Amino acid sequence: MRPRKEIPRPDPMNLRILRLLALDARRNYSEIASELGCSVNSARDRILAMERRGIIRGYTALLDESKLGRPVHAVVFLTGSSPVRPALLHELQNHDWVQHIFRGAGRYRLAIEAVACSMDELNRLVRIAVEGADLHITWTAQLAPVQPARPATTANLVHSPRVEPSAVSIR
Amino acid sequence: MSDDILDILRRSGRIPVSELARTTGLSYSTARDRLRRLEQQGIIRGYRVLINPEALDLRVHAWVVIDVPDGREEMIGDITEAPATERCYRLVSHPSRLLALVHARDAAGLSHILDRWRLLGATIDDVHLVDEAGTDTPEADMDDALRLLKETELEGAEAGFSFKEDPGSM
């Protein structure tokens with residue numbers, strides 16, 4: 001078990017900031033400040049504090065991988081007899097074809113969400129990346145968008161209309 | 001050259017143009033123009049914050065394999081749109097089967113979600129618990145947290161660069 005560091009819950013103002021950054025992480029401090037009706041200093045301090053405390057882990061650009069020659073989007077599930085070394089997780093994260101790494105808590109040791117030009121290429125990349133690590137590709141789930149009519153540009157993202165909070169309650 | 005820019009933006013999406021220029025050895029205006037072009041071409045669809053899901057009290061994450069019976073396609077929308085579902089895809093090998101990334105506060109929360117889907121008529125084929133949520137997210141009330149988590153992935157693809165705020169948000 002990984003140690004759980006206590007992370008303070010964002011207050012309502014920070015939640016609003018997170019929402020703005022979720023929609024466009026490149027919004028600058030003064031734009032955020034004017035949206036919130038607070039001072040630029042206050043917006044900046046709050047964002048920097050959330051970065052420091054680990055509420056914000058970082059920012060990323062959403063890329064259209066199919067336009068970059070990688071139309072295949074898949075999650076590769078791997079089994080193995082021993083836990084995955086943290087160093088390997090770290091290495092995997094540095095490959096540009098890797099989108100997300102999930103450490104398995106059940107039957108699988110690892111799940112790698114990735115993009116590639118073909119399924120063969122993807123399996124090859126994964127095999128090379130985990131070489132010598134006692135990990136075996138057990139299932140490569142190639143993904144397609146839920147709505148078949150969606151244009152290729154959104155192939156690896158799923159559109160979903162807004163859901164009201166009352167739709168599902170998980171309390 | 002654009003590869004460099006993309007690689008940097010993938011890791012630090014909020015990097016100022018001046019720093020992007022410095023890192024890549026480009027002039028400020030070249031870096032800015034390249035960035036603009038990548039956005040206009042739709043290669044960059046948007047930018048999002050990566051939020052730690054634990055800050056939202058979401059500590060159980062799973063890739064769930066769901067079988068949707070024939071003629072019950074409308075169920076797919078319910079599953080995809082559930083606040084707990086961050087992302088949901090069809091399997092290319094079995095188009096009636098879905099793979100969804102789901103977040104919950106705890107194991108009980110997850111089984112509650114899966115039970116709801118079973119009640120709709122879906123079969124839960126498999127649940128692969130994962131420890132590390134690759135995409136991360138935020139809270140106040142649980143539903144709001146989940147909704148926010150979800151929004152992080154969605155807007156960019158749909159709206160390009162005219163991001164709109166959720167009118168019902170605050």
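These numbers were taken from a predicted model, which means no experiment stands behind them.
- The distance from the CG atom of A:L143 to the CG atom of B:L98 is 10.5 Å, given to the nearest 0.5 Å.
- Ion pairing between a basic and an acidic side chain is recognised when a charged N comes within 4.0 Å of a carboxylate O; B:E39 and A:R26 show no such pairing.
- In this structure, the side chain of B:R10 does not engage the main chain of A:A61 through any donor-acceptor pair within 3.5 Å.
- In this structure, no portion of B:E73 lies under 4.5 Å from any heavy atom of chain A.
- Only the side chain of B:L99 has a heavy atom closer than 4.5 Å to any heavy atom of chain A.
- With a 4.5 angstrom heavy-atom cutoff, B:I8 does not touch chain A via any of its atoms.
- With a threshold of 4.5 angstrom between heavy atoms, B:V68 does not approach chain A through any atom at all.
- Note that the CD atom of A:E51 and the CZ atom of B:R14 stand 7.5 Å from one another [nearest 0.5 Å].
- Rounded to the nearest 0.5 Å, atoms CG (A:L62) and CD1 (B:I44) are 9.5 Å apart.
- Of all heavy-atom pairs spanning A:V146 and B:C88, the tightest one is CG2-O, 3.3 Å.
- Checking side-chain atoms of A:T60 against main-chain N and O of B:R11 turns up no donor-acceptor pair under 3.5 Å.
- Using a 4.5 Å cut-off on side-chain heavy atoms (C-beta onward), B:V65 and A:W139 make contact.
- The hydrophobic cluster containing A:V75 does not contain B:V92, counting ILVMFWY residues as joined when their side-chain heavy atoms lie under 4.5 angstrom apart, directly or transitively.
- The two atoms that bring B:L91 and A:A141 nearest to each other are CD2-CB, 3.7 Å, heavy atoms only.
- Smallest separation of non-hydrogen atoms from B:A55 and A:P10: O-CD, 3.4 Å.
- Within the 4.5 angstrom heavy-atom criterion, only side-chain atoms of A:R107, from C-beta onward, approach chain B.
- Taken from CG in A:D96 to CG in B:L6, the straight-line distance is 9.5 Å, to the nearest 0.5 Å.
- Only the backbone of B:P16 comes within less than 4.5 Å of a heavy atom of chain A; no side-chain atom from C-beta onward does.
- Using a 4.5 Å heavy-atom cutoff, the side chains of B:H128 and A:F102 are not in contact.
- Contact of B:D106 with chain A is not made at all, since no heavy-atom distance falls under 4.5 Å.
- Contacts between A:N28 and chain B at a heavy-atom distance below 4.5 Å involve the backbone alone (N, CA, C, O).
- For B:I43, the parts lying near chain A are the backbone and the side chain together; criterion is any non-hydrogen pair under 4.5 Å.
- Rounded to the nearest 0.5 Å, atoms CG (A:L63) and OH (B:Y47) are 8.5 Å apart.
- Of the two parts of B:V127, neither the backbone nor the side chain holds a non-hydrogen atom closer than 4.5 Å to a non-hydrogen atom of chain A.
- The contact between A:I56 and chain B is made by backbone and side chain atoms together, counting heavy-atom distances below 4.5 Å.
- Atom CH2 of B:W63 sits about 13.5 Å away from atom OH of A:Y108, to the nearest 0.5 Å.
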